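What follows is one structure encoded as structure tokens, with my remarks underneath.
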Amino acid sequence: MATRLFEGKSHASHYQKYRLSPPQKIQDLILNYLGNRLKKPFGLAVDVGCGTGQTSRSLVPYFQKVLGTDISEAQIEQANHADGFPNLVYRVSAAEEIPAENASVDLITACAAVHWFDIEKFLKEADRVLKPCGCLAFFTYLPNMEVHYKHQSQQLTQVITELQDVLSPYVHEKVQHVISGYKDIFNAIPYTDKKRFLEIMQVSSSEEIIELRLNNVCVLASKPE
């Protein structure tokens, strides 16, 4: 069963303001993987669970069309308020019901989202819409992080660690997919051509004051010909 926790207007507004865009290194990893399996120009990318559209917008330069989908009307409303692009559209849609034709999609992405889906139904739907050799890219940051700010880095990182320890008994069961580095999701993908990457990447806040070092996981897979 899919889990829906992020649909309120206030939550969507915070997503738009504070959620970090995907690291360029992950984007390069995905595009290189896709480029080794499909020829350019790339046609359609679908960003499932797109939230307020950070990942969707990052795909715009590389695809003829980008479709961002999310179950939350409030998230899609916020996405539509951001900078628009002629080749980017958003739709309110469940992850398990992708609004695309059979064998029409080059790439399906899900940033910090796939663990909330009904995995079995979603993967079946993804297989329906992917072209032969089309690719899946599921990626997220992991809970552990380092915070770097002037001379308070160690103290701030300790505060984050202690906060996570306090909250851990209340974490939703589906977050275990994240903690495990998407191992179960990787194993559930029915394709043989698949890879899983774990890397530490550095990002900054939008104000360029606080630097975060995050562990990220990226699962890539390609549909057979």
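Nothing here was measured: the structure is a model prediction, and the numbers come from that model.
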Practice problem: Indicate the atoms forming the closest heavy-atom contact of Gly53 with Tyr90, along with that distance. | Solution: CA-OH, 3.7 Å
Self-check item: side-chain contact (heavy atoms from CB on, under 4.5 Å) between Val114 and Val219, worked out
Solution: CA-CA 11 Å; Val114 70; Val219 169; over 6 Å; no
Quiz item: Does any N or O in the side chain of Asn216 come within less than 3.5 Å of the main-chain N or O of Phe139, such that one atom is a donor and the other an acceptor?
Solution: no
Quiz item: Could you state the interatomic distance from NZ (Lys174) to CD1 (Ile185), rounded to the nearest 0.5 Å?
Solution: 9.0 Å
Exercise. Return the minimal non-hydrogen interatomic distance between Tyr182 and Ala113, and the atom names on each side.
Key: OH-N, 4.0 Å
Quiz item: Does the side chain of Gln27 come within less than 4.5 Å of Thr55's, by heavy atoms?
Solution: no
Exercise. Write down the atom of Val105, the atom of Ile108, and the distance for their closest heavy-atom approach.
Key: CG1-CG1, 3.8 Å
Quiz item: Taking all non-hydrogen atoms of both residues, which atom of Val92 and which atom of Ser72 are closest, and how far apart?
Solution: CG2-O, 4.5 Å
Exercise. Go through the steps for Tyr191 and Leu130 under the test side-chain contact (heavy atoms from CB on, under 4.5 Å), then give the verdict.
Key: CA-CA 12 Å; Tyr191 307 149; Leu130 277 178; 3.9 Å; yes
Quiz item: Within the side chain of Lys195, is there an N or O that forms a donor-acceptor pair under 3.5 Å with the backbone of Cys218?
Solution: no
Practice problem: Over all heavy atoms of both residues, which pair between Cys133 and Cys135 is shortest? Give the atoms and the distance, please. | Solution: O-SG, 3.6 Å
Quiz item: Counting only N and O atoms by type, is there a donor-acceptor contact under 3.5 Å from the side chain of Asp70 to the main-chain atoms of Gly51?
Solution: yes
Practice problem: Rounded to the nearest 0.5 Å, what's the gap from OG on Ser56 to CZ on Phe85? Could you check? | Solution: 10.5 Å
Self-check item: Positive for side-chain contact (heavy atoms from CB on, under 4.5 Å) with Cys50, one of Leu67, Ile76, Leu59
Solution: Ile76
Quiz item: Looking only at side chains, do Glu162 and Gln158 share a donor and an acceptor under 3.5 Å apart?
Solution: yes
Practice problem: Measure the spacing between NZ of Lys223 and CD1 of Ile189 and express it to the nearest 0.5 Å. | Solution: 14.0 Å
Quiz item: Which pairs count as salt bridge (Lys or Arg N to Asp or Glu O under 4.0 Å) when at least one residue sits in residues 123-137, sequence neighbours excluded?
Solution: Asp106-Lys131, Glu125-Arg128
Practice problem: Would you confirm whether the ring centroid of Phe197 sits within less than 6.0 angstrom of the ring centroid of Tyr33? | Solution: no
Quiz item: Crowded around Gln154 CD? As in, over 12 foreign heavy atoms under 6.0 Å?
Solution: no
Self-check item: Enclosure of Lys121 NZ (heavy-atom neighbours >12, cutoff 6.0 Å)
Solution: no
Quiz item: Taking atom CD of Gln155 as the centre, does the number of heavy atoms from other residues, nucleotides or ligands within less than 6.0 Å exceed 12?
Solution: yes
Quiz item: Out of curiosity, Arg37 CZ to Ser222 OG, how far, rounded to the nearest 0.5 Å?
Solution: 5.5 Å
Exercise. Please confirm whether the backbone N or O of Leu198 pairs with a side-chain atom of Asn215, one donor and one acceptor, at under 3.5 Å?
Key: no
Practice problem: Drop me the distance from Leu34's CG to Phe42's CZ, to the nearest 0.5 angstrom. | Solution: 4.0 Å
Quiz item: Between His177 and Ser180, which heavy-atom pair has the shortest distance, and what is it?
Solution: O-OG, 3.0 Å
Exercise. Look at the side chain of Arg196 and the backbone N and O of Asn187, then say whether any donor-acceptor pair between them is shorter than 3.5 Å.
Key: no
Self-check item: Derivation and outcome, side-chain contact (heavy atoms from CB on, under 4.5 Å), residues Leu136 and Leu123
Solution: CA-CA 9 Å; Leu136 301 171; Leu123 290 176; 4.2 Å; yes
Practice problem: Under the ring pair (Phe, Tyr, Trp, His ring centres under 6.0 Å) rule, what do Phe138 and Phe122 come out as? Steps first, then yes or no, please. | Solution: CA-CA 12 Å; Phe138 308 147; Phe122 168 65; 5.7 Å; yes
Practice problem: Decide yes or no on side-chain contact (heavy atoms from CB on, under 4.5 Å) for Arg57 and Val66, but give the supporting numbers first. | Solution: CA-CA 8 Å; Arg57 291 189 289 274; Val66 178; over 6 Å; no
Practice problem: Could you tell me whether the side chain of Thr69 and the main chain of Arg91 form a donor-acceptor pair under 3.5 Å? | Solution: no
Quiz item: Atom CG in Asp118, atom CD in Glu120: separation rounded to 0.5 Å?
Solution: 7.0 Å
